[in-house]
Amino acid sequence: MNETIFFFFYNLAHQSAIFDWLVVFLAETFPYIVLILAGLFLLFHHEIFKAENPFQILRQKYREMFPVFFSVIFAYLIAYVLKILLHAPRPFTTLNGIDSLFMQTDYAFPSGHAMVFMALAVAIFLSHKKAGYIFMFFAFFIGLARIIAGVHFPIDILGGFVLGIIIALLVRYFYPRFAYFTLKM
C-alpha cells in the first residue's frame, strides 16, 4: 500500500519542468518561507512593534510564542534522533527506477519536514485556529511535495505528521507546568 501510494504521487514528477520546479520549491524552499511567516505572524499578531514598549509586550506574549518555537525545535531534535535510530531508507535507494528531483543523504523515517511543520501548525492552531489551519495546509503541501519529489514514502510523511501533532500537544500540556515551576524558583 505504501509503495502504491508513493508511485501514484511520484508518477506526477518528471512530466513537466515547471511542475518539477514547483515541487522542488514546495519541498525545499517553501519550508523556510513558512518559518518566516510563522515568526512574523506571532510577532505582528500582537502588535509588538507598534507598542510604546515592545519588550514589555514581548514578555507578556512569550507564553503564547514560546510553545510554538519549542515545539518546532523539539520536533526537529526528535526527528533527527529517530532517523539515526531507525535507519529507514529513502525510496530512491530501495526502489528501481526512482530518480528523485533532489538528493537527500540522511534516512527517511520520520520526515523531519513533516514533523516540524505539523508541530508548528498544531502549536499555532492551539492559540489561533484560523492561522493554524493555514499552517496545516502548508505542512500538507510540503509533505506531499516531498513524496512527489521521490525523497519520502507516504508512511514517512504520515509518521512525521502524527509525531508532530503529538509533540505540539505534549509541549502545550507540559509548558504551563514548566513555566509555573521556573517562575517559582
Side-chain angles (χ1 to χ4, degrees), residues 1-42 44 68-69 71-125 128 130-168:
M1 180 74 136
N2 191 34
E3 288 182 16
T4 304
I5 296 170
F6 169 77
F7 279 114
F8 175 80
F9 289 110
Y10 174 74
N11 286 333
L12 298 172
H14 304 292
Q15 304 297 321
S16 161
I18 294 171
F19 183 74
D20 288 353
W21 176 87
L22 179 63
V23 168
V24 171
F25 173 79
L26 287 172
E28 287 196 310
T29 306
F30 187 61
Y32 295 108
I33 295 170
V34 170
L35 286 175
I36 292 168
L37 289 173
L40 291 174
F41 170 76
L42 291 171
F44 286 110
V68 173
F69 290 114
S71 294
V72 168
I73 292 167
F74 194 54
Y76 175 80
L77 293 174
I78 295 295
Y80 182 78
V81 169
L82 287 174
K83 284 177 184 250
I84 292 171
L85 294 175
L86 299 176
H87 291 125
R90 295 196 177 265
F92 58 82
T93 61
T94 60
L95 301 174
N96 292 329
I98 302 299
D99 183 25
S100 64
L101 295 178
F102 57 90
M103 286 305 281
Q104 289 289 137
T105 56
D106 60 345
Y107 294 106
F109 185 87
S111 167
H113 283 78
M115 200 164 161
V116 164
F117 290 100
M118 188 54 74
L120 173 72
V122 171
I124 290 174
F125 175 81
H128 306 282
K130 290 179 184 177
Y133 285 127
I134 292 169
F135 282 97
M136 284 180 198
F137 183 75
F138 292 160
F140 173 77
F141 276 105
I142 291 168
L144 183 62
R146 295 183 73 78
I147 296 170
I148 295 170
V151 295
H152 278 292
F153 285 110
I155 196 70
D156 303 335
I157 301 299
L158 181 62
F161 284 165
V162 170
L163 290 170
I165 291 168
I166 291 169
I167 286 171

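Sequence positions, counted from 1, serve as the residue numbers for this chain.
- Atom OH of Tyr76 is separated from atom CD1 of Ile167 by 13.5 Å, given to the nearest 0.5 angstrom.
- Nearest heavy-atom pair across Gly132 and Ile124 is N-CG2, 3.8 Å.
- Not counting sequence neighbours, the partners of Phe74 by the ring pair (Phe, Tyr, Trp, His ring centres under 6.0 Å) test are Phe70.
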Report, one line per pair, each donor and acceptor closer than 3.5 Å where one atom sits in a side chain of residues 78-90; sequence neighbours left out.
residue : atom : partner : partner atom : Å
Lys83   : NZ   : Tyr107  : O            : 2.9
Lys83   : NZ   : Pro110  : O            : 3.4
His87   : NE2  : Ile84   : O            : 3.1
Arg90   : NE   : Asp106  : O            : 3.0
Arg90   : NH1  : Val151  : O            : 2.6
Arg90   : NH1  : His152  : NE2          : 3.3
Arg90   : NH2  : Asp106  : OD1          : 2.6
Arg90   : NH2  : Tyr107  : O            : 3.1

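- Residues passing the side-chain contact (heavy atoms from CB on, under 4.5 Å) test with Ala123 are Val68, Ser71, Ala168, sequence neighbours excluded.
- Interatomic distance, Met136 CE to Ile165 CD1, rounded to the nearest 0.5 Å: 7.0 Å.
- Note that NE2 of His113 and CZ of Phe30 are 12.0 Å apart. Values are rounded to the nearest 0.5 Å.
- For Phe6, the side-chain contact (heavy atoms from CB on, under 4.5 Å) criterion is met by Tyr10, Pro91, Leu95, Ile98, Ile147, Phe153, Pro154, not counting sequence neighbours.
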Give every donor-acceptor pair under 3.5 Å between a side-chain atom in residues 15-28 and any protein atom, sequence neighbours left out.
residue : atom : partner : partner atom : Å
Gln15   : NE2  : Asn11   : O            : 3.3
Gln15   : NE2  : Ala13   : O            : 3.4
Ser16   : OG   : Ile18   : N            : 3.3
Ser16   : OG   : Phe19   : N            : 3.3
Asp20   : OD1  : His14   : N            : 3.0
Asp20   : OD2  : His14   : N            : 3.3

- Test log, rule side-chain contact (heavy atoms from CB on, under 4.5 Å), inputs Phe117 and Val72: CA-CA 7 Å; Phe117 290 100; Val72 168; over 6 Å; no
- Taking it one step at a time, do Phe41 and Leu37 satisfy side-chain contact (heavy atoms from CB on, under 4.5 Å)? CA-CA 6 Å; Phe41 170 76; Leu37 289 173; over 6 Å; no
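- Residues satisfying the ring pair (Phe, Tyr, Trp, His ring centres under 6.0 Å) test with Phe135, not counting sequence neighbours, are Phe138.
- Aromatic rings from Tyr133 and Phe137 are positioned such that their centres are separated by 6.0 Å or more.
- The minimum heavy-atom distance between Ala75 and Val116, with the atom names listed, is CB-CA, 4.0 Å.
- Atom CG of Leu40 is separated from atom CG of Leu35 by 11.0 Å, given to the nearest 0.5 angstrom.
- Summarising the geometry of Ala149 relative to Phe102, their closest heavy-atom pair is CB-CE2, 3.5 Å, with the distance given to 0.1 Å.
- When side chains are defined from C-beta on, Met115 does not count as touching Phe161, because their heavy atoms never get closer than 4.5 Å.
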